[in-house]
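Inspection log for the structure reproduced underneath, given as C-alpha cells.
These numbers come from a predicted model, not from an experiment.
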Amino acid sequence: MNGLRAPGDCHGGRINGLLVAGTASEAGKSAVTAGICRWLARRGVKVAPFKAQNMSLNSVVTRDGAEIGRAQAMQAAAAGIEPEAALNPVLLKPGAGGTSQVMVLGKPVAEADAMSYPALKPRLAETVLACLTGLADRFDVVVCEGAGSPAEINLREHDLANMGLARAAGLPVIVVADIDRGGALAALYGTLALLSAEDQALVAGFVVNKFRGDAALLRPGLDRLRELTGRPVLGVLPHAAGLWPDAEDSLSLGIGPEVGSASGTPGGVLRVAVIRLPRISNFTDTDPLMAEPGVTVRFVTSPAEIADADLVVLPGSRATVADLAWLRERGLAGAVAARAARGGPVLGICGGYQMLARQIRDDVESGAGLVPGLGLLPATVTFTPSKVLRLHSATVDWETTGGDPVTGYEIHHGVVTAAGGDPFPGGCSAGAVLGTTWHGILESDGFRRALLRRVATAAGRPFEPGHVTFARIRERKLDTLADLIGDHLDTVALLDLIDHGAPAGLPFIPPGAP
C-alpha cells in the first residue's frame with residue numbers, strides 16, 4: 001500500500017479518532033479540525049490534533065525546539081495542549097527551484113522535489129505511525145487533518161496523510177467541501193467515487209463549509225447526495241469571514257483576523273503594505289496588525305503600491321537571495337531604499353531583515369556566495385547548514401513599551417550579525433529602518449502599540465492604537481469555531497464515529513480507483 005502498517009498492527013487495532021479530509025486545499029479542514037478539538041476539549045475530552053504531512057510556509061517553534069505547521073499549533077491551542085513535534089511529524093517547506101525542505105519531527109533532514117520525495121516516504125511512514133500511536137496512548141481522541149484531497153489518485157500509492165493514514169489506523173473519514181467556491185456537491189460525490197472500495201469503506205460522511213443564506217435551500221441537494229452515496233451530510237457550516245486565525249498558505253494572503261474596522265477620520269488610519277515575496281513565509285506575522293482597529297494591511301507587489309503606505313513590511317522568505325533579486329527586478333528594492341531615505345518606516349522580519357543588511361554570504365540556501373543586501377541596516381548575514389529554531393521571551397524597554405514582555409521565535413539558516421545601529425528586539429535599527437529575526441513579535445501587544453505610535457508619528461497622523469489583546473482574539477475565534485461545530489454539525493453522529501469508527505456496509509460508488 002504505502003509502507004504504513006495495517007490496522008491490526010497499529011495500537012492493537014483502531015485508533016480512537018477521526019480524519020478530517022477535504023475536497024481541495026483551503027476547503028476548511030484546518031478550521032473544522034480546530035473546531036472539533038475545542039468542542040471536545042470543552043466537554044472534558046483529552047484531545048490532540050494531528051497532521052501527518054503538511055506543506056506550509058507558516059510554521060512555529062515548540063518549547064522543545066521543533067518546527068511544526070502553524071495550523072497544528074493553533075489546533076493544539078484549541079485542544080488546550082502544548083504544541084509538540086508529534087502533532088506534525090512531517091513538514092514540507094517549499095523553496096526555490098521547485099524543491100522543499102523536508103522537516104521530520106521538527107528538524108530538517110533533506111531537500112526534495114516532487115519526483116524524489118516519494119523515495120523518502122517509506123521511512124517517513126514509520127515516524128508518522130509512531131507519532132499517531134503515541135498520541136493515541138496519551139489522549140482520549142486524536143483528530144487528524146488530511147492534506148490536499150484524498151482523491152489525488154496519482155499520489156495514493158505513497159500516501160501518508162489521507163486514506164493511507166485512515167486505512168492504517170482504522171480512522172473514520174469525513175470530507176469537507178467549500179461551497180463558497182461552487183461545485184461542492186459534485187466535489188463531494190467525485191471525491192468519494194474516485195477512491196478504491198477499501199478507502200470508500202472509511203468515508204462516513206460529508207460537511208459543507210462556508211454556506212451563505214438559508215440552509216433549507218440546500219436540503220434537496222443534500223438529500224440527493226445521501227441517496228447517491230449512502231452517506232449523510234453531517235452539517236452545513238455558515239460562512240464566517242476571517243474566522244480562521246492562522247492561514248496556512250498563500251491562497252489565504254490578506255485574510256486576517258479582523259476584529260474592528262479601519263474606518264474613522266482619514267488622518268487616523270494607518271496604511272501597512274506587506275511586500276508579497278514569491279517565496280513568502282510566516283506571512284501570519286502581520287495578522288496582529290490586521291486585528292488593530294484603524295489599521296489597514298495590504299499585500300503588494302509593485303513600487304506604486306507602497307507609495308502611500310505608512311509602514312512597509314519585508315516579511316520572512318524561504319529563499320532570501322532569490323527573493324532579494326526579485327525585489328530588484330520589480331523596482332521594489334529602490335522604492336524601499338528611497339522610502340527609508342525620506343524617513344518612512346520599514347520593518348524587516350527574518351528573511352526581510354536579512355535583505356536589509358549590507359551583505360549576505362550564502363553558500364548554503366542559494367549557493368550564490370557573496371551578495372549585496374539593500375544596505376539599509378549595519379549588519380551582515382552568513383548562511384550556515386544548521387537551522388536556528390529558538391523561542392524568545394524578554395522584557396524590552398523599546399520606545400514607549402515601558403518594559404512590556406516581548407516574545408517571538410527564530411526559524412532561519414541565515415545568521416545576522418549587527419555592527420552598530422540602535423537596539424531593537426531580536427535585531428537592530430537605523431533611523432526609520434527596523435529589523436528583527438523574531439517571528440511572532442507583533443503578537444506582543446505593548447510592543448505592537450509602541451511600533452504603531454512610532455509609525456503614526458513619522459506619518460504625522462493623529463493615531464492612537466486601541467486596546468486589542470491578540471491572544472484573546474485567537475481564543476474567541478477558537479471558541480466561535482467550537483460553537484459552529486456544536487450548533488451546525490450532527491455531534492451525536494460525530495461522537496459515534498469517533499467512538500466506533502465508520503459503520504459497516506457503506507456502499508461502493510463506482511468507478512473507484514484505477
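- Panel note: side chain N282, backbone S59; a donor-acceptor pair is recorded below 3.5 Å.
- For the atom pair CE (M355) and CD1 (I349), the distance works out to 12.0 Å, reported to the nearest 0.5 Å.
- Using a 4.0 Å cut-off between a side-chain N of Lys or Arg and a carboxylate O of Asp or Glu, R448 and E292 qualify as a salt bridge.
- Heavy-atom minimum distance, F50 versus V142: CB-CG1, 3.6 Å.
- For R298 and D308, the salt-bridge test passes: some basic side-chain N is under 4.0 Å from an acidic carboxylate O.
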Practice item. Just do the salt bridge (Lys or Arg N to Asp or Glu O under 4.0 Å) check on R318 and D323 with the steps written out, would you? Key: CA-CA 9 Å; R318 249 289 283 150; D323 279 352; over 6 Å; no
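- Looking only at side-chain heavy atoms (C-beta outward), D223 and R226 stay at 4.5 Å or farther from each other.
- Scanning all heavy atoms of the two residues, the minimum distance from A34 to L481 falls at CB-CD1, 4.1 Å.
- By the 4.5 Å heavy-atom criterion applied to side chains, E410 and W438 are counted as neighbours.
- Within the 4.5 Å cutoff, side-chain heavy atoms of Y189 are placed close to those of I509.
- Looking at heavy atoms from C-beta onward, V274 lies out of side-chain contact with F283 at the 4.5 angstrom threshold.
- The side-chain heavy atoms of I68 and V60, taken from C-beta on, include a pair separated by under 4.5 Å.
- Taking a cutoff of 4.0 Å between a charged side-chain nitrogen and a carboxylate oxygen, K51 and E145 qualify as a salt bridge.
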**Study point:** side-chain contact (heavy atoms from CB on, under 4.5 Å) between L289 and L442, worked out
**Key:** CA-CA 7 Å; L289 296 176; L442 295 175; 3.9 Å; yes
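- The minimum heavy-atom distance linking L87 with P49 is given by the pair CD2-O, 3.2 Å.
- The two residues S317 and L277 make their nearest non-hydrogen contact at CB-CD1, 4.0 Å.
- In this structure, a donor-acceptor pair under 3.5 Å is absent between the side chains of T62 and E84.
- The closest side-chain heavy-atom distance from L124 to Y117 is below 4.5 Å.
- The pair E111-K93 does not count as a salt bridge, with every side-chain nitrogen at least 4.0 angstrom from each carboxylate oxygen.
- Expressed to the nearest 0.5 Å, how far CD1 of I441 lies from SG of C350 amounts to 12.0 Å.
- We find that E82 and R63 are joined by a salt bridge, their nearest charged nitrogen and carboxylate oxygen being less than 4.0 Å apart.
- Using a 3.5 Å distance cut-off with no hydrogens or angles, the side chains of S56 and R70 do not pair a donor with an acceptor.
- Under the 30°/60° scheme for interplanar angles, the aromatic rings of H439 and Y409 are found to be tilted.
- Judged by distance alone, the side chain of D445 and the main-chain N or O of T469 form no donor-acceptor pair under 3.5 Å.
- Between R38 and D483 there is no salt bridge, since no side-chain N of the basic residue sits under 4.0 Å from a carboxylate O of the acidic one.
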Exercise for review: Please lay out, stage by stage, how V208 and L188 fare under the test side-chain contact (heavy atoms from CB on, under 4.5 Å).
Suggested key: CA-CA 9 Å; V208 175; L188 289 168; 4.2 Å; yes
Exercise for review: List the steps, then state whether side-chain contact (heavy atoms from CB on, under 4.5 Å) holds for L165 with L160.
Suggested key: CA-CA 6 Å; L165 183 71; L160 294 174; over 6 Å; no
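- Using a 4.0 Å cut-off between charged nitrogen and carboxylate oxygen, D479 and R42 count as a salt-bridge pair.
- Counted by atom type alone, E152 and S149 present zero donor-acceptor pairs between their side chains at under 3.5 Å.
- Between the R156 side chain and the A513 main chain, no donor and acceptor come within less than 3.5 Å of each other.
- Checking each of V47, L18, D499, L495 against V141 for a side-chain contact (heavy atoms from CB on, under 4.5 Å) leaves exactly one that passes, namely V47.
- With 3.5 Å as the limit, one finds no donor-acceptor pair spanning the side chains of H412 and E365.
- In terms of heavy-atom proximity, M163 sits nearest to P150 at CG-CB, 3.8 Å.
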Exercise for review: Decide yes or no on side-chain contact (heavy atoms from CB on, under 4.5 Å) for V300 and I275, but give the supporting numbers first.
Suggested key: CA-CA 5 Å; V300 305; I275 296 179; 4.3 Å; yes
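- With values rounded to the nearest 0.5 angstrom, I498 atom CD1 is found 13.5 Å from I15 atom CD1.
- Heavy atoms only, all atoms of each residue included: L217 and P220 are closest at O-CD, 3.7 Å.
- Counting heavy atoms from C-beta outward, L155 and D159 have side chains that stay 4.5 Å or more apart.
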Practice item. For side-chain hydrogen bond (donor to acceptor under 3.5 Å, both in side chains), just list the numbers for K387 and Q101, CA-CA rounded to whole Å, side-chain angles, deciding distance to a tenth of an Å, and then say yes or no. Key: CA-CA 11 Å; K387 191 171 191 177; Q101 185 177 59; 2.6 Å; yes
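- The existence of a salt bridge linking E475 and R472 is excluded, since no basic side-chain nitrogen approaches an acidic carboxylate oxygen closer than 4.0 Å.
- The CG atom of L327 sits 11.0 Å away from atom OG1 of T301, with the distance rounded to the nearest 0.5 Å.
- Taken from CZ in R167 to CG in L19, the straight-line distance is 13.0 Å, to the nearest 0.5 Å.
- Side-chain contact between D178 and E26 is absent, with no heavy atoms from C-beta onward closer than 4.5 Å.
- If you take OG1 on T33 and CD1 on I485, they are separated by 8.5 Å, rounding to the nearest 0.5 Å.
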